[in-house]
Amino acid sequence: MNFDFDRPVLRKGTGCKKWDLLGTLFGEEDLLALWIADTEFPAPLPVLEALHRRVDHGVFGYPVRGRSVREAVAAWERTRHGWDVDPDWVCHAPGVMPGVAVALEALTRPGDGVVVQPPVYHPFPAVVEANDRKLLWNPLVRREDRYVMDLEGLEGLLAGGARAVLLCSPHNPVGRVWTREELSALAELCVRYDALILCDEIHQDIVFSDGGVHVPLASLGKEVARRTVTFVAPSKTFNLAGFYTSAVVISDPELRRAYETRLGALFLGGANQLGLVALETAYREGAPWLDALVRYLEENRNVLEAYLRDRLPGVRMDHPEGTFVFWLDFRDWEEDPEKLQAFLVREARVALNDGATFGPGGAGFARINVGCPRAMLLEGLERIREAAVRRGWVRP
């Protein structure tokens, strides 16, 4: 079956944050949007057909989150990632970050220390502080030309009383797919110090052929699962972020009860009817489309790596193992975040995420989204190169 990921789709004027808020967020309208982590690809055809059928019915009353939805999530985790999930463990969330916020409120107390590992998805520190928890930085470190977890630093924070770790796996933005050994080492520390693990695995399905295998943290054993809350969603995988429909997997009955009680108390338990249709259909019928997508994204990664090597000397990137948002190091050109963003926006006319927003270690970096037709990616890179040539940073 052929899937056309090269076909451009006009998204401006569709109420799309990525394109319709460029002027508001970047100060310029006429930019190439290579930032926020949704892709430029239409959802899989079975999803679109299921949505059309539901819309054609014409009545949209209060929906039921039936067992079939939970079974679809459980089956996906079992067949795609080798994690034997009981459908009864699957809870609802109106998005991963709302789910994280509910879990923080339900399972920790104000003032509790919560560890995050920057540079990391910028809502992580925001959700910790917005919920009156103490933000504890455990920065990733560089070893052998890639980012790894600072386990010694993590142990110090846990020994000092940190209540929870907010883990990003696979990691956004550095593109690491954590190995079983790395995850086991983190889990062992959390078990030893009786710490909760809130594990965002939203990028679990985008792992490249040379990137290893995504290992669900909670699959590492009963003691790990007992203290792990796992967040998954079809949003990144199938480009369904606009439905705000996610799933939370909690095997421990007490944690699950506390989470669902708080979800109800905040009146966040009501689901998006079309979102449920999209989620279930994607997980039941979307695998062939996803396989093709991952191959396409991997080739985009390879094209980006070759372009940086041959046409943009001075811009570096670790070899991404997964996700479609990659971490570009511009520090040989410009370390000041404001000056770097000014160069990218005003001179190169591209919108990339400012690396400084990802916490300590982000200054001089930018995050690029390669979830787009290859011609669009190459256009963005050409814009950066042409602006760099005008600056004298790159030879013509």
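Dense packing is recorded around CZ of Arg67, with more than 12 heavy atoms of other residues, nucleotides or ligands lying under 6.0 Å away. Within a 6.0 Å radius of CZ in Arg346, no more than 12 heavy atoms belonging to other residues, nucleotides or ligands are found. Counted within 6.0 Å of OH on Tyr244, heavy atoms from surrounding residues, nucleotides or ligands total 12 or fewer; the atom is thus considered open. Counted within 6.0 Å of CD on Glu49, heavy atoms from surrounding residues, nucleotides or ligands total more than 12; the atom is thus considered enclosed. Atom NZ of Lys12 has more than 12 neighbouring heavy atoms from other residues, nucleotides or ligands inside a 6.0 Å radius. Within 6.0 Å of CZ in Phe60 there are more than 12 heavy atoms belonging to other residues, nucleotides or ligands.
Residues Thr228 and Leu196 fail the side-chain proximity criterion, which asks for heavy atoms closer than 4.5 Å. At least one side-chain heavy atom of Leu154 sits less than 4.5 Å from a side-chain heavy atom of Val165. Contact check for Leu166 versus Val127: side-chain heavy atoms found under the 4.5 Å cut-off. Two residues are said to be in side-chain contact when any heavy atoms from C-beta on lie closer than 4.5 Å; Trp76 and Val232 fail this criterion. Counting only heavy atoms from C-beta outward, the side chains of Trp333 and Ile384 approach each other to under 4.5 Å. Residues Leu32 and Trp19 form a side-chain contact, since some pair of their non-hydrogen atoms from C-beta on lies under 4.5 Å apart. Two residues are said to be in side-chain contact when any heavy atoms from C-beta on lie closer than 4.5 Å; Tyr121 and His171 fail this criterion. Side-chain contact between Asn172 and Val120 is absent, with no heavy atoms from C-beta onward closer than 4.5 Å.
No side-chain donor from either of His319 and Asp145 sits under 3.5 Å from a side-chain acceptor of the other. In this structure, a donor-acceptor pair under 3.5 Å is absent between the side chains of Arg226 and Ser251. Using modelled atom types and a 3.5 Å distance limit, the side chains of Trp89 and Glu77 yield no donor-acceptor pair.
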Would you please test Tyr62 and Gln273 for side-chain hydrogen bond (donor to acceptor under 3.5 Å, both in side chains) and show each step? CA-CA 7 Å; Tyr62 293 111; Gln273 191 170 81; over 6 Å; no

For Glu182 and Thr179: C-alpha separation, side-chain torsions, deciding distance, then whether side-chain hydrogen bond (donor to acceptor under 3.5 Å, both in side chains) applies. CA-CA 5 Å; Glu182 288 172 302; Thr179 64; 3.2 Å; yes

List the steps and the verdict of side-chain hydrogen bond (donor to acceptor under 3.5 Å, both in side chains) for His214 and Arg80. CA-CA 10 Å; His214 171 71; Arg80 198 82 188 182; over 6 Å; no

Evaluate ring pair (Phe, Tyr, Trp, His ring centres under 6.0 Å) for Tyr147 paired with Trp178, printing each intermediate quantity in order. CA-CA 10 Å; Tyr147 286 93; Trp178 305 118; 9.0 Å; no

Between Asn138 and Gln117, is a side-chain hydrogen bond (donor to acceptor under 3.5 Å, both in side chains) present by the stated rule, with each step listed? CA-CA 5 Å; Asn138 174 227; Gln117 298 173 310; 3.2 Å; yes

Using the rule given for salt bridge (charged side-chain N to carboxylate O under 4.0 Å, His left out), can you reason through Lys134 versus Glu129, listing the C-alpha separation, both sets of side-chain angles and the distance that settles it, and then say yes or no? CA-CA 6 Å; Lys134 183 178 180 181; Glu129 294 187 317; over 6 Å; no

Go through the steps for Trp83 and Val249 under the test side-chain contact (heavy atoms from CB on, under 4.5 Å), then give the verdict. CA-CA 11 Å; Trp83 180 21; Val249 183; 3.5 Å; yes

Does the salt bridge (charged side-chain N to carboxylate O under 4.0 Å, His left out) test come out yes or no for Glu321 and Arg176, once each step is laid out? CA-CA 5 Å; Glu321 297 163 349; Arg176 280 299 318 279; 2.8 Å; yes

Take Arg284 and Glu280 through the test salt bridge (charged side-chain N to carboxylate O under 4.0 Å, His left out) and record every step on the way to the result. CA-CA 6 Å; Arg284 292 196 184 280; Glu280 182 171 355; 3.1 Å; yes

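The cationic group of Arg331 does not satisfy the cation-pi geometry with Phe365, failing either the under 6.0 Å distance to the six-membered ring centre or the 45° limit from the ring axis.
Counting Ile, Leu, Val, Met, Phe, Trp and Tyr side chains that sit under 4.5 Å apart, directly or through other members, Val148 shares a hydrophobic cluster with Val141. Grouped by direct or indirect side-chain proximity (heavy atoms under 4.5 Å, Ile/Leu/Val/Met/Phe/Trp/Tyr only), Val207 sits with Val177.
Screening Leu293, Thr39, Leu297 for a side chain to side chain contact (heavy atoms under 4.5 Å, CB included) with Phe5, the sole residue that qualifies is Leu293.
When atom types are taken as modelled, the side chain of Asn131 and the backbone of Arg133 share no donor-acceptor pair closer than 3.5 angstrom. Thr14 places a side-chain N or O within donor-acceptor distance of the main-chain N or O of Arg11, the cut-off being under 3.5 Å. Arg65 places a side-chain N or O within 3.5 Å of a backbone atom of Gly269 that can act as its donor or acceptor partner. Side-chain atoms of Arg301 come within 3.5 Å of backbone atoms of Pro320 as a donor-acceptor pair (strictly under, hydrogens ignored). A distance-only check finds a donor-acceptor pair linking the side chain of Asp20 to the backbone of Cys16 [under 3.5 Å]. For Gln204 (side chain) and Ser169 (main-chain N/O), no donor-acceptor pair under 3.5 Å exists by modelled atom type. For the pair Arg390 (side chain) and Glu347 (backbone), a donor-acceptor distance under 3.5 Å is present. For Trp35 (side chain) and Lys18 (main-chain N/O), a donor-acceptor pair under 3.5 Å exists by modelled atom type. Judged by distance alone, with hydrogens and angles left aside, the side-chain atoms of Arg385 form a donor-acceptor pair with the main-chain N or O of Arg311 at under 3.5 Å. Of the possible polar contacts, none joining the Glu28 side chain to the Asp30 backbone as a donor-acceptor pair under 3.5 Å is found.
Taking the ring centroids of Phe343 and Trp393, they lie under the 6.0 Å cut-off.
Between the NE2 atom in His203 and the NZ atom in Lys236 there is a gap of 5.5 Å [rounded to 0.5 Å]. Note that the CG atom of Leu186 and the CG atom of Leu151 stand 6.5 Å from one another [nearest 0.5 Å]. The NE2 atom of His92 sits 8.0 Å away from atom CG of Leu268, with the distance rounded to the nearest 0.5 Å. Put simply, CG on Asp205 and OG1 on Thr323 are 12.5 Å apart, with the number rounded to the nearest 0.5 Å. Here the straight-line distance linking atom CG of Leu34 with atom CG of Asn353 works out to 10.0 Å at 0.5 Å rounding. Between the SG atom in Cys190 and the CG atom in Leu217 there is a gap of 7.5 Å [rounded to 0.5 Å].
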Output side-chain donor-acceptor pairs under 3.5 Å for residues 374-381, partner residues at least two apart or in another chain, one line each.
unit_1	atom_1	unit_2	atom_2	d
Arg374	NE	Asn300	OD1	2.6
Arg374	NH2	Tyr296	O	3.2
Arg374	NH2	Asn300	OD1	3.3
Glu379	OE2	Arg383	NE	3.3
Glu379	OE2	Arg383	NH2	2.8

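Using a 4.0 Å cut-off between charged nitrogen and carboxylate oxygen, Arg227 and Asp252 do not count as a salt-bridge pair. A salt bridge does not link Glu334 to Lys339: none of the charged nitrogens lies less than 4.0 Å from a carboxylate oxygen. Using a cut-off of 4.0 Å between Lys/Arg side-chain N and Asp/Glu carboxylate O, Glu305 and Arg309 are scored as not salt-bridged.
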